[in-house]
Amino acid sequence: MKNIIKQIIFIVTISFFMASCHDDLDQNPIDPDSFTEQDVFANTIEAKSALAKLYASLALTGQNGGDDGAADIPDINQGFSQFTRMLFNLNELTTDHAVVGWGDPGLPDLHGQYWSAGNDFTGAMYLRLAQEVSFCNAFIKNASALTDPEAQSFIAEARFLRAYAYYNLIDLYANVPLVQEITTDLPSQSSRGELFNFVESELLDVQNLLLESNEYGRVDKVAAWALLSRLYLNAEVWTGTERFTDCVTFSNNVMNSSYEINTTDANANGTAYDELFLADNNTNGAEKEFIFLLSFDGVQSTTYGGTTFLVHGATGGSMDPTELGINGGWGGYRTTKALVEKFDANPGDQRAMFYTDGQNLEIESIPPFSQGYAITKFKNIDSNGDQGNDTSGEFVDTDIPLIRLAEIYLNYAEATLKGGAGGDLGIALNKINELRERAFGDTSGNISASDLDEDFILDERSRELYWEGQRRTDLVRYNYFTTSDYTWPFKGNQPNGTSVSSFRNIFPIPTNTISTNPNLQQNLGY
Amino acid sequence: MKTTFNSLLFILFFLPTIIIAQNTITGTVTEQSSSLPLPGVNVVVKGTNQGTATDFDGKYQLNASTGDVLEFSYVGYITKEVIYTSQTNINVTLSEDASQLDEVVIIGYGSVKKEDLTGSVDLVTSEDFNKGPVVSAQQLITGKIAGVSVTSGSGAPGDGQEIRIRGNGSLELNSNPLIVVDGIPLDGGGVGGSRNPLNLINPNDIESMTVLKDASATSIYGSRAANGVIMITTKKGKDSEFKFNINSSTTVHTPIDYVDVLTANEFRNVVNNHPGGDATTLSLLGNANTDWQDEIYTTAYGQDHSISALGAAFGIPMRLSVGYSSHDGILKRDNFSRTTASLNLSPSLFDDHLKIELNARGNYTENFFGNRGAIGSANTYDPTQPVYDATSPFGGYFSWIDSSTGLQPSLAGTNPVALLDLVDDKAEVRRLITNAKFNYKLHFFPDITATVNVGIDKSNSHGRTITSASIPTSDASWNGSRFTYKNESLNKLFDAYLTYNKSFNDVHNLNVVVGHSYQSFEYDNFNYDSEAEEDGNDFEFIDKSKNVLLSYFGRLNYDFNSKYLLTATLRADASSKLNANDRWGYFPSLALAWNMHKENFLKDSNVLNELKLRVGYGEVGNVNGLGDYLFLTRYTRSQSSANYQFGNTFYQTYRPDPLNENLRWEIGNTINIGMDYSMLNRRVSGSVNVYQKQTKDLIANASIDPFTNFGSRIQKNIGDMENRGIELALNVIPVKTDNFEWSINYNIAFNDNEITNLPFDQETGGISGGVGNNAQLNTEGQSPYSFYVFQQVYDNNGKPIEGAFVDRNGDNVINDSDKYIYKDPYADVIMGLNTNLTYKKWDLSIVTRANIGNYAYNNVASSNSYLNGIIPTTNNFLWNIHSDYLNTGFVSQSDERNFLSSHFVQEASFFKVDNITLGYTLDKAIKDTTLRFYGSVQNVATITDYDGLDPEITGGIDNGFYPRPRSFVMGVNIDF
């Protein structure tokens, strides 16, 4: 009897022990940096940090600064994966605006226009934009549970950012899936027209939901109008139907808003243009011109993309890095004579920020930094000449305008010339001259009505907006990007430039994505 | 037991039964080595139950008939047989049978006689261990066991080792075998600052290491044993008077070879003739002749001491040992020092019904890590510059200066000696493993033993990297930096199981084990960054995680008269890393064995001692190395250097991380067919194994459609992998006389590792050279980590033509589509050949190994053998380049396809003489004391065609490798 009791006690104790062990199988993260959905969307204050990620996802590359890890996109080097850096590589490096001497696999393919479907750079941009869409979708869904009005404007901003991501997807990849919620079901592709309609309807919707004006770094309703202006300008390329009238309408809305061209020459060098690209372009007056921007800081918002990339990457040869506010150049990017020659007619145009000492105008071979003029447009010094916040000279403070008022002036002029109703050529001419006065510091560069034609606008866009991520879109719109109508040094990998197949007007969908989703078809030609 | 039985025989002898005409034989049985009489030896007439035993003087008396065979047997001695042909006096000497001493093998949750093993199990005892300087336990078995490859990570003392049993079992998850010490599975991951978790154990404390290779042997350990198990059993106390052992040795480590880079004069020559150089470039050359590698490496010294006491105190058997090791690395300032202490008590209570084992093992290690950055820097620093320069603004060390900043140019290399001297990287690691194991043979049911094993493995480390303010830098605001970390980990184990042992009719033997196991793993890491603090950023980072494993297991061992053996196990495992629906995995295994030598047709064979055939199949699940919470929705907060500004405020951001709700166990199954044999009086023995190991539901970092999750990649169960191979082990003792014994051990293993299913290709194997380049690919149909490169075109003289690659798809463009799979880093054949000679008091052992068919990617040459690599775009400093330039004449390093040329994937097959040890034993000089003096050379010679520094590189990418030294050891081992 005693033995049996002993046995029973033995078994019972063991069972109790084991039952408590079973509960231990349900573990939740104990790391103080890890949060659940409930934590993040508990209230508007926490949700604002989730909103901040929607912007930071375009500006930075991960949850740790620089390239320290916690990267958003593991498929490519963290520094390479930043949105504006990739936008530069896909929209500027592929054109007459830039060449680079670095040999990272796939990078030389960009200027030479011979990239393959597996190209890392073309692929990573797709991943970045799709991830942004996913982040926005999750935010929109989760924040809808919050009731206060501030949350409603957050949601409107998230919808704007999603529309902006799709705008880029339409421009770069054409036929991508249209996804408005998080699901593990494999999506199907939509056509460019369907995506265009989605972006258009979203922006028309949120223009009334976004705030009249917003704190620095966040978008307001003017941003929706500005993006619509761009969308309609390119409508013919993307949908086959021109929408220049709508372009004129929304460009007008923007031009009549409180945004203005910066005319404050804070560093007194004769033009107010360069202030747009200095380390204090969030306070020196430039901020009045920036409709949609990404902000950076050398200490608290650090990345190896953004302006850190633009300043370091374009500095080399005999350039003095301290004059640009950094600790040294990476010696990569320069420009071709095609851009330089656009300024030949008017030597007083101070938008021509070329460094020529030790640089050849002609490019005989791409790798050496001395081939091609260098560009000093972006700098990490402020209007007083002081270096940005990072005392080690590594990370750059300068913010990047994704859409600024100057572009809208040019959109207005082009749409009016191309037949957009409601547009006034006189106003267009005035606006262009406003830009040129800012560039020259006086009226010596002003043009007359007879100078204003479509090709002039294209060249003026080049002079005003070079290296800001627009060139390829403009060349495609004018049908110059792949054709022989307009060639530049090493276009198509030939020294004097040659045409390439027109399928290269858009980029390939990443091969890994195609192989994981059988619903997708690769773009023609790849 | 046996003596009682024999006494019974003795009594029976007196019973009058059938009396056959018999004669009386007498004689004495003595022990061979000491010539002393052996009492208690069984003397039996073979085939009958007539027998006797020797008395205290070794004398016996027995009746037998002509033609009878007299069998003399005694535990621990080789049985001798003598045919009686009418001698009146037969004296016999018996000699020790070493093989009987390893009769019992420790396996999971129990032990088994070697002949009753059904799985593929290899046992190495302290006698067979590699001799010589052994800092860490794995070195004891290097080259000894077929199919087990042990590769040190580098030449740094105490550095980690990669152990692979039968190839890679996994892509993403851990491919390391499970290491179990006295029943406690060790946590594979070391804490930060420790070089190798096995450093915990003083090799002198190890009694034996059992390697379990196939699933039927490992399945009882379940999920963590997917890649095999190495069980370490430490020496325990004995119920005897105290025995002591002291082991003391000193070592000299010497560098063997350096990477081939241009010498100062070769460099001057190349720079003077450089087409891209101008007057500024030439002015940068210096007047010195510095061999930078010589400046950073040096002869180093080490010592090892340990003392142990083994015996019984107050009736409790115990063993206490204390050890101290300190080794300098050949890289200057590198040092590893370790103090270990271990205590085990194994009291036995209630008339042996309750056996308790208490083990405590502690370790305190101090590491000073010599700056590994100096190795890469020494390969590229200008040899015409001096080490020191009194005019330098950086602590008197020569440095390049950028004239516009007055500081080091931002892309220039840093003086290697400055890197060594001005960076202090130290860590202290403390670890304690203790366990208490209770074996209770139930009083009311003695066939059942209940065992409870409770253990804790706790470690903490504290380290700091302090960089001096005077180190050469391009940062004008630099004032030194301090980076500290504290890592703590705590693992708990609770095992409870019941063992049932019963024999039926003396013929059917049953052993059943049923049990439960609980393990939890928790780590808590803290990092501090002074640079971030100065910047006003987040400077303290906490990283914590926990996971839990729960299992139920059962094993049945049945044998019929030790002839036909069967083992069946079933295991149910659950891990907290998987979601509740997929959490439980069920893994069975079955093994059968046939001891053929016990069959009648082989029993009397004079040639064959043992012949066992085995076949086994088993499944094991694996999640070891998988993230702890991947199936849950998690948001990660940004660090303050990745905040985002709205208005005037910087906000932290929350990012949702990709997740996979459907993660499941990765399942490995193995089929193993083997044969163990031993013949000619155990002079020839060995085993043969043929196996196929498949991994299903392989977890890999898979691409996903980026519109369906929060990123482009997530761990998924998505592939299959296979390892197939053959292992042969052969032990031969060609000579065995009283004075001279010679044994040879040869093992050879063929392994073919292939990814059998992977829906997408995965680039891996990051290399230096450019940014983000990868030289390897995981793809279906190939070995994992195969090299994926461009096919180099060579001219008629065999010299590579720069930039010329084979256009494999014929599209006139050389891009990604022209890369191909070319070789892999894994050897097709691994061999070990070891020999031991003993002549009187001398002993000599030689350990050699060979790997055949492995390739390595020479990243030192691939990243740095280009003429244009010498002059940077800023033209204010110079880089040295690798001597491969003199062979290839490569010019352009901006064409990064050159880095991925097949020219740099080189054959790295090798033959190494790992160790030669010579010893002399003095056992009569001092009473009751045995002294052994020994001298040893480690890493004696390497024969290989590989151009790089060392053909044995884990992972296959040779870059910045800390070279392995040649070590000379002299020591003494005292037993008293």
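Numbers restart at 1 for each chain; the letters A, B, ... are given by sequence-line order, proteins then strands.
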Legend entry - Best-contacting candidate, A:Asn389, A:Thr513, A:Asp33, A:Asn77, against chain B by heavy atom pairs under 4.5 angstrom: A:Asp33
Legend entry - Segment of B:Ser892 engaging chain A (4.5 angstrom heavy-atom cut-off): neither
Legend entry - chain B contacts, top residue of A:Gly331, A:Ser515, A:Pro32, A:Gly118 (heavy-atom pairs, under 4.5 Å): A:Pro32
Inset, instruction - Measure B:Asp705 against the heavy atoms of chain A and call it side chain, backbone, both or neither at under 4.5 Å. - result: both
Legend entry - Contact leader toward chain A among B:Phe707, B:Tyr518, B:Tyr651, B:Phe650, where contacts are heavy-atom pairs under 4.5 Å: B:Phe707
Legend entry - Shortest non-hydrogen contact between A:Gln131 and B:Gly711, atoms and distance: NE2-CA, 3.7 Å
Legend entry - Sidechain-backbone polar pair: B:Thr405 side chain, A:Thr322 backbone, donor-acceptor under 3.5 Å: no
Legend entry - Short side-chain to backbone donor-acceptor contact, A:Thr302 and B:Ser641, under 3.5 Å: yes
Inset, instruction - Quick one: which of A:Ala70, A:Ala47, A:Pro367 has the most heavy-atom pairs under 4.5 Å with chain B, could you say? - result: A:Ala70
Legend entry - Minimum heavy-atom distance between B:Leu632 and A:Gln27, given as atom pair plus value: CD1-O, 3.8 Å
Legend entry - Side-chain donor-acceptor contact under 3.5 Å, A:Glu46 with B:Tyr654: yes
Legend entry - Minimum heavy-atom distance between A:Leu25 and B:Trp584, given as atom pair plus value: CD1-CZ2, 4.3 Å
Legend entry - Contact origin within B:Ser640 toward chain A - heavy atom pairs under 4.5 Å: backbone
Inset, instruction - For chain B, find which of A:Gly328, A:Ser49, A:Pro368, A:Gly65 contributes the most heavy-atom pairs closer than 4.5 angstrom. - result: A:Ser49
Legend entry - Top contributor to chain B interface from A:Pro29, A:Gly217, A:Gly393 [non-hydrogen pairs under 4.5 Å]: A:Pro29
Inset, instruction - Considering only heavy atoms and a distance below 4.5 Å, find which of B:Asp761, B:Thr708, B:Asp543, B:Asn701 pairs most often with chain A. - result: B:Thr708
Inset, instruction - Please determine, by modelled atom types, if B:Gln639 and A:Asn64 share a side-chain donor-acceptor pair under 3.5 angstrom. - result: yes
Inset, instruction - Taking all heavy atoms of B:Phe646 and all of A:Ala52, pick out the closest pair and write down the distance. - result: CZ-CA, 3.6 Å
Legend entry - Trace of the side chain to side chain contact (heavy atoms under 4.5 Å, CB included) decision for A:Thr516 with B:Ile704: CA-CA 6 Å; A:Thr516 58; B:Ile704 43 176; 5.6 Å; no
Inset, instruction - For chain B, find which of A:Asp26, A:Thr36, A:Asp120 contributes the most heavy-atom pairs closer than 4.5 angstrom. - result: A:Asp26
Inset, instruction - Check the side chains of B:Thr653 and A:Gln63 for a donor-acceptor pair under 3.5 angstrom, ignoring hydrogens and angles. - result: yes
Legend entry - Under 3.5 Å: donor-acceptor pair, side chain of B:Ser474, backbone of A:Asn327: no
Inset, instruction - Test side chain to side chain contact (heavy atoms under 4.5 Å, CB included) on B:Tyr644 and A:Ser295 and set out the steps. - result: CA-CA 7 Å; B:Tyr644 198 71; A:Ser295 92; 4.0 Å; yes
Legend entry - Sub-4.5 Å side-chain heavy-atom contact between A:Phe135 and B:Pro656: yes
Legend entry - Residue part contacting chain A, namely of B:Asp628, when any heavy atom lies under 4.5 Å: neither
